[in-house]
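Values in this document were obtained by computation on a predicted structure and should not be read as measured data. A, B, ... follow the sequence lines: proteins, then strands. Residue 1 opens every chain.
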2 protein chains.
Amino acid sequence: MTRPIPPATVERLPLYLRCLEDLAPDREQISSRDLAALAHVTAAKVRKDLACLGTYGVRGKGYAVQRLRFEIRFALGLTREWGVVVVGAGNLGRALAGYAGFPGSGFAVVGLFDADPGVVGTPVGGLTVEPVDRLPDVAGDEGAAIGVIATPASSAQEAADRLVAAGICSILNFAPTLISVPEGVEVRPVDLSSELRVLSFHLHRSASDGAPSRGQPCDDPSSSSDS
Amino acid sequence: MTRPIPPATVERLPLYLRCLEDLAPDREQISSRDLAALAHVTAAKVRKDLACLGTYGVRGKGYAVQRLRFEIRFALGLTREWGVVVVGAGNLGRALAGYAGFPGSGFAVVGLFDADPGVVGTPVGGLTVEPVDRLPDVAGDEGAAIGVIATPASSAQEAADRLVAAGICSILNFAPTLISVPEGVEVRPVDLSSELRVLSFHLHRSASDGAPSRGQPCDDPSSSSDS
DNA sequence: ACATGTGAAGCGCTTCACAGCG
DNA sequence: CGCTGTGAAGCGCTTCACATGT
């Protein structure tokens, strides 16, 4: 039951959870097919993924929504709250600080830091921007477990070093650069520019395949796809 | 040479390109091993990926940096500039508008929209926030090809519908919800809350495996990993 | 009859190992 | 000799099909 969950499944569990959370409150059961439609995946995938949790659905009926929500939260470690610190208090950092810590999310932003003295002291949501030097203190006192890097690329490695030094070993990196960290520290890059470039690839490709137009090979306001 | 490039390779090309762009200007050659170290991947992967481009390296020497940069840009469709419109002018939207359109990126933000009349008219960078109703006009006039959704989840589907109606078929969705679009429209979700939840999974897991501490199983300030 | 759980087949990506070329 | 380009093996994920259970 607590067999190693495949990475691909771990990446989808948050998706299922969000679909389940958005469900009507009176919905008690859901089939793999219906959940698959909501999550934009296949039903077989849903069943295989959920089977990893040791959560048993009911044959002929489906899964108990409430139970399923709990099982996924449990598997993801969302039965407790994790402290998050954000480094970089520009627009992005401020957006992420508000975005991440909403009540009930399982995450609480406990610190927002910036290297620029001109920004330090600014109130953001319920927090005040602090100097990066205070990172170790805050992270330690508040028991922060996750760090978010929202600095320019040029400061990202330094931010990562500070986070690691403060005992944080899970990092979300929004800066458009790779960072190096000691073994045992997990970094997940989130990169706008790379995403745009991948979109560019597909635009470029479909522009070449037939349609000679300027990059809008779709003129088909047809079916709103799945459900 | 223009054989279908595997999706996994497409996702890595922007990474290689960024590494090449960050290289010292006088660097003329680079081996697959060195590029692999910079990109945090394996050398075999680099060679297989680059072979897809029909870009030939020089045996015994490596790849010509300049040439390689051009080939990757070409493959990604970055030899021209793509117009980008951003829907949602909160902190996130403003951050993305500045982030995406910097000169030389291959992208130009041509419009920033918001449904809130209180925000419309605000200057952001070189742009002014416009009402969403103007989206079709601006997207048409400026030839925008990519849309970025930076609205709350509750408005994301509507934003997507407006983008599609305006003829845009490549969407980057930063809202924490799935959106449905007609076939032929590509959507890439970028989701902070899911990323945090995946990090939570790993924290949770390593906290269970041995270390009884509060979620910081790493106390190992050892090697700064690879190269 | 309906929907889950699961072996097995299918498929793509990664890794290996080395031939080939500069 | 060094490094690329590439078949082949290895591995994981997805899909299929159906036995199983209600």
Side-chain angles (χ1 to χ4, degrees), chain A residues 1-16 19-20 23 27-69 71-72 75 198 201-202 226-227, chain B residues 1-16 19-20 23 27-69 71-72 75 198 201-202 226-227:
Chain A
M1 81 178 200
T2 311
R3 187 175 21 204
I5 303 178
T9 296
V10 173
E11 306 250 325
R12 276 189 300 267
L13 288 179
L15 174 61
Y16 300 146
C19 292
L20 293 170
L23 233 42
R27 180 73 174 263
E28 291 188 358
Q29 299 278 333
I30 190 167
S31 68
S32 62
R33 175 168 20 181
D34 290 354
L35 182 51
L38 290 174
H40 295 194
V41 298
T42 66
K45 221 179 255 186
V46 170
R47 290 201 299 276
K48 265 250 154 74
D49 286 340
L50 297 185
C52 292
L53 304 184
T55 295
Y56 299 137
V58 183
R59 309 198 182 213
K61 299 196 68 180
Y63 300 86
V65 174
Q66 195 112 15
R67 170 85 189 279
L68 199 47
R69 276 199 288 248
E71 293 292 347
I72 296 179
V198 174
F201 170 82
H202 293 287
D226 39 64
S227 144
Chain B
M1 83 178 201
T2 311
R3 187 175 22 205
I5 304 178
T9 295
V10 173
E11 306 249 324
R12 276 188 300 267
L13 289 178
L15 174 61
Y16 301 146
C19 292
L20 292 169
L23 232 42
R27 179 74 172 264
E28 291 187 358
Q29 298 278 332
I30 190 167
S31 67
S32 62
R33 174 167 21 179
D34 291 353
L35 182 51
L38 290 174
H40 294 194
V41 298
T42 66
K45 221 179 254 184
V46 170
R47 289 201 300 275
K48 265 249 154 75
D49 286 341
L50 296 186
C52 292
L53 304 184
T55 294
Y56 299 137
V58 183
R59 308 197 184 214
K61 299 195 68 179
Y63 301 86
V65 173
Q66 195 111 14
R67 169 87 189 278
L68 199 47
R69 276 197 289 248
E71 293 292 347
I72 297 179
V198 173
F201 170 82
H202 293 287
D226 40 64
S227 148

(request) Identify whether any heavy atom of Thr9(A) sits under 4.0 Å from a base atom; if not, whether one sits that close to sugar-phosphate; answer base, sugar-phosphate or nothing. (result) nothing
(message) Reading DNA chain D from 5' onward, which residue's closest nucleotide shows up sooner: Val58(B) or Pro7(A)?
(response) Val58(B)
(message) Counting only heavy atoms not in Gln66(B) (residues, nucleotides, ligands), do more than 12 fall under 6.0 Å from its CD?
(response) no
(request) Decide yes or no for Val41(B) and Leu35(B): does some side-chain heavy atom of the first lie under 4.5 Å from some side-chain heavy atom of the second? (result) no
(request) Write out all pairs satisfying salt bridge (charged side-chain N to carboxylate O under 4.0 Å, His left out) with one or both partners inside residues 27-42 of chain A, taking only residues at least two apart or from two chains. (result) Arg27(A)-Asp34(A)
(message) Side chains of Leu20(B) and Leu38(B), heavy atoms from C-beta outward: is any pair under 4.5 Å?
(response) no
(request) Measure the distance from CZ on Arg59(B) to P on dC18(C) and round it to the nearest whole Å. (result) 16 Å
(request) Work out which heavy atom in Tyr63(A) is nearest to a heavy atom in Thr55(A); give both atom names and the distance. (result) CE2-O, 4.5 Å
(message) Could you tell me how far apart Arg33(A) (CZ) and dG5(C) (P) are, to the nearest whole angstrom?
(response) 16 Å
(message) Which is more 5' along DNA chain D, the nucleotide nearest Gly60(A) or the one nearest Arg47(A)? Just name the residue.
(response) Arg47(A)
(request) Can you tell me the distance, in whole Å, between the NZ atom of Lys45(A) and the P atom of dG5(C)? (result) 18 Å
(message) Distance under 4.0 Å to a non-hydrogen atom of chain A counts as contact; along DNA chain D, which nucleotides mark the start and end?
(response) dC13(D) to dT22(D)
(request) Write down the distance between NZ (Lys61(B)) and C1' (dG20(C)), rounded to a whole number of angstrom. (result) 18 Å
(request) Any chance you could measure Arg12(A), atom CZ, to Leu50(A), atom CG, to the nearest 0.5 Å? (result) 10.0 Å
(request) Find the distance Asp34(A):CG to dC2(C):C1' and express it as a whole number of Å. (result) 13 Å
(request) Report the distance from atom CZ of Arg67(A) to atom C1' of dT4(C), rounded to the nearest whole Å. (result) 14 Å
